[in-house]
Amino acid sequence: MEYISTRGEAPSLGFSDALLAGLARDGGLYVPREWPQFSSRDIRAMRGESYAEIAFRVISPFVGDEIAPDALRAMIDEAYATFRHPAVAPLVQTGANSFVLELFHGPTLAFKDVAMQLLARLMDHVLSERDERATIVGATSGDTGGAAIDAFAGRERADIFILFPEGRVSQVQQRQMTTSQSANVHALAVKGNFDDCQDLIKAMFGHGAFRDRVRLSGVNSINWARIMAQIVYYFSAAVSLGAPSRKISFTVPTGNFGDIFAGYGAKRMGLPVSRLVIATNENDILARTLRSGRYETRGVSATTSPSMDIQISSNFERLLFEASDRDSAAVRAAMGQLRQSGGFDLAPATLKSIKREFSAGRASEKQVKAKIAEVHADLDYVVDPHTAVALCVAAKSVRKSAPMVALSTAHPAKFPDAVKSACAIDPALPACLTDLMQREERFDVLPADQGRVEAHILARARAAQ
Ligand SMILES: Cc1ncc(COP(=O)(O)O)c(C=O)c1O
Ligand SMILES: N[C@@H](CCOP(=O)(O)O)C(=O)O
């Protein structure tokens, strides 16, 4: 399988190189040259299989012959053995035709673990085969950072630097990043918001000399392997609910657009997906874009679902590329305008193509709080605010024709204050994390300044020594 950049000006790469590259040299994002195809028969064969077995089927064509099947299978098995639930991503029925897909049973209680546990093993494998080291960077609004640190802690061949917005993540999220004792882990609190952190990461990738000196690699969903691993749970959920014999809809709490783009990928691979519903909190740039045809940034407001407090949704670029019939010149122009003036207009055909697959809705803070209380009162089920955003939007989109699956992206114990204020429940952390609040923190505080962040990394990254 070959990977091409959405901006069309970077060399195409094989799987292992795309995995280590993170962002393409032209600033674009890698996508597969072709989407692997799964027939109804292939999908039917997944019925009754374990999550790891389905993952192996879905991921194999993306990896091609670059990793031996036995090695790939072993990495998948190991990655999902870290999950506390035997089904890895179980479904819970919440209404006649409504379900919640629980993606938070991994080590850091967030859906990011699903991809990150595998990504770290894949990177380690490729780096060992090549006898190389890498410097991994990531920007986080809370969950990616903890999941990446857990997955990469102690790995010999990688140092990991996670940038998080100072004071804008929950206490549980912060401590999952700052209490690691591993010498290869570096948590950096940046004086700014998530978009500032993400801009810094992209700027470091754009600085060729720095990129090469530290052998930079990224773990945000700009990295294709993150999306690849997330495609799996769309297949596992859909098959459990009767695919390929019936279509399934998904509502996805969305920030950086990685998770829902994985759903789009699953559909392109042949999974019978009916609607893909984008759910946003009050930072509703994506809902506005679908309504108006203009992608336009505004200030970010802090909400109780901080992991979705985002304006620049990286993976929307991958969708633009697909929806414009892979017109990389149009993507380059749109991204240039976004950088210069904070917005761009979608071509009418592109917007039409997006609206054919996606709808979008937003949930206000008041609605999110009411939804947490309602679900608890009606079902004795506790959800976190990100999941509540999805449930608010899904409620408006559910149809008799297709089951609606709302993705539950975080354990409620990650956001205890919001949950308690909504339904008076204090969700307990799982046993492995009960002493989290007593652990010692270790992190550095830096301004949102590329030079300062690069100097900090250069002084510590083993790949640069
Ligand atoms: C709990 C939670 N829900 C939803 C999202 C949004 O996912 P995405 O950025 O892939 O759209 C995130 C962060 O990415 C998250 O951490
Ligand atoms: N919400 C995310 C933001 C980064 O998203 P990613 O999927 O691109 O890594 C987070 O939790 O950090």
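The analysis underlying the following values was restricted to heavy atoms, covering all of them including side chains, and did not include hydrogens, waters or symmetry mates. For ligands, and for the atoms within them, numbers begin at 1 and follow the listed sequence.
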(message) Val100 vs Leu391, test: side-chain contact (heavy atoms from CB on, under 4.5 Å). Steps then yes/no.
(response) CA-CA 8 Å; Val100 162; Leu391 289 172; 3.9 Å; yes
Sorted by chain and residue number, the residues having a heavy atom closer than 4.0 Å to an atom of ligand 1 are Phe111, Lys112, Asp143, Pro253, Thr254, Gly255, Asn256, Phe257, Gly258, Asp259, Ser307, Met308, His386, Thr409, Ala410
I'd like to know if the side chain of Thr94 and the backbone of Ser98 have a donor-acceptor N/O pair within less than 3.5 Å. yes
Output block, N or O contacts of ligand 2, threshold 3.5 Å exclusive:
{"residue": "ligand 2", "atom": "1 (N)", "partner": "Ser141", "partner atom": "OG", "Å": "2.9"}
{"residue": "ligand 2", "atom": "1 (N)", "partner": "Ser307", "partner atom": "O", "Å": "2.7"}
{"residue": "ligand 2", "atom": "5 (O)", "partner": "Lys112", "partner atom": "NZ", "Å": "3.3"}
{"residue": "ligand 2", "atom": "5 (O)", "partner": "Asn256", "partner atom": "ND2", "Å": "3.3"}
{"residue": "ligand 2", "atom": "7 (O)", "partner": "Lys112", "partner atom": "NZ", "Å": "2.8"}
{"residue": "ligand 2", "atom": "7 (O)", "partner": "Ser221", "partner atom": "OG", "Å": "3.3"}
{"residue": "ligand 2", "atom": "7 (O)", "partner": "Arg226", "partner atom": "NH2", "Å": "2.8"}
{"residue": "ligand 2", "atom": "8 (O)", "partner": "Ser221", "partner atom": "N", "Å": "3.0"}
{"residue": "ligand 2", "atom": "8 (O)", "partner": "Ser221", "partner atom": "OG", "Å": "2.5"}
{"residue": "ligand 2", "atom": "8 (O)", "partner": "Asn256", "partner atom": "ND2", "Å": "2.8"}
{"residue": "ligand 2", "atom": "9 (O)", "partner": "Thr144", "partner atom": "OG1", "Å": "2.7"}
{"residue": "ligand 2", "atom": "9 (O)", "partner": "Asn220", "partner atom": "ND2", "Å": "2.7"}
{"residue": "ligand 2", "atom": "9 (O)", "partner": "Arg226", "partner atom": "NH1", "Å": "3.0"}
{"residue": "ligand 2", "atom": "11 (O)", "partner": "Asp143", "partner atom": "N", "Å": "2.8"}
{"residue": "ligand 2", "atom": "11 (O)", "partner": "Thr144", "partner atom": "N", "Å": "3.1"}
{"residue": "ligand 2", "atom": "12 (O)", "partner": "Thr140", "partner atom": "OG1", "Å": "2.6"}
{"residue": "ligand 2", "atom": "12 (O)", "partner": "Ser141", "partner atom": "N", "Å": "2.8"}
{"residue": "ligand 2", "atom": "12 (O)", "partner": "Thr144", "partner atom": "N", "Å": "3.2"}
{"residue": "ligand 2", "atom": "12 (O)", "partner": "Thr144", "partner atom": "OG1", "Å": "3.3"}

Between Tyr30 and Asp17, a side-chain donor and acceptor under 3.5 Å: no
Sorted by chain and number, sequence neighbours left out, side-chain contact (heavy atoms from CB on, under 4.5 Å) with Arg460 holds for Phe161, His186, His456
Margin query: What I'd like to find out is whether the side chain of Leu118 reaches to under 4.5 Å of the side chain of Met75, using heavy atoms alone.
Written below: yes
The side-chain contact (heavy atoms from CB on, under 4.5 Å) partners of Ala370 (sequence neighbours excluded) come to none
Query raised in the report: Hey, does the side chain of Gln198 reach the backbone of Ile312 with a donor-acceptor pair shorter than 3.5 angstrom?
Result: yes
**Report entry** Chi angles and distances behind the side-chain hydrogen bond (donor to acceptor under 3.5 Å, both in side chains) call for Glu317, Thr6
**Finding:** CA-CA 7 Å; Glu317 175 165 347; Thr6 48; 2.8 Å; yes
Exercise. Does the distance from a Lys or Arg side-chain N to an Asp or Glu carboxylate O, for Arg7 and Asp26, drop under 4.0 Å?
Worked result: no
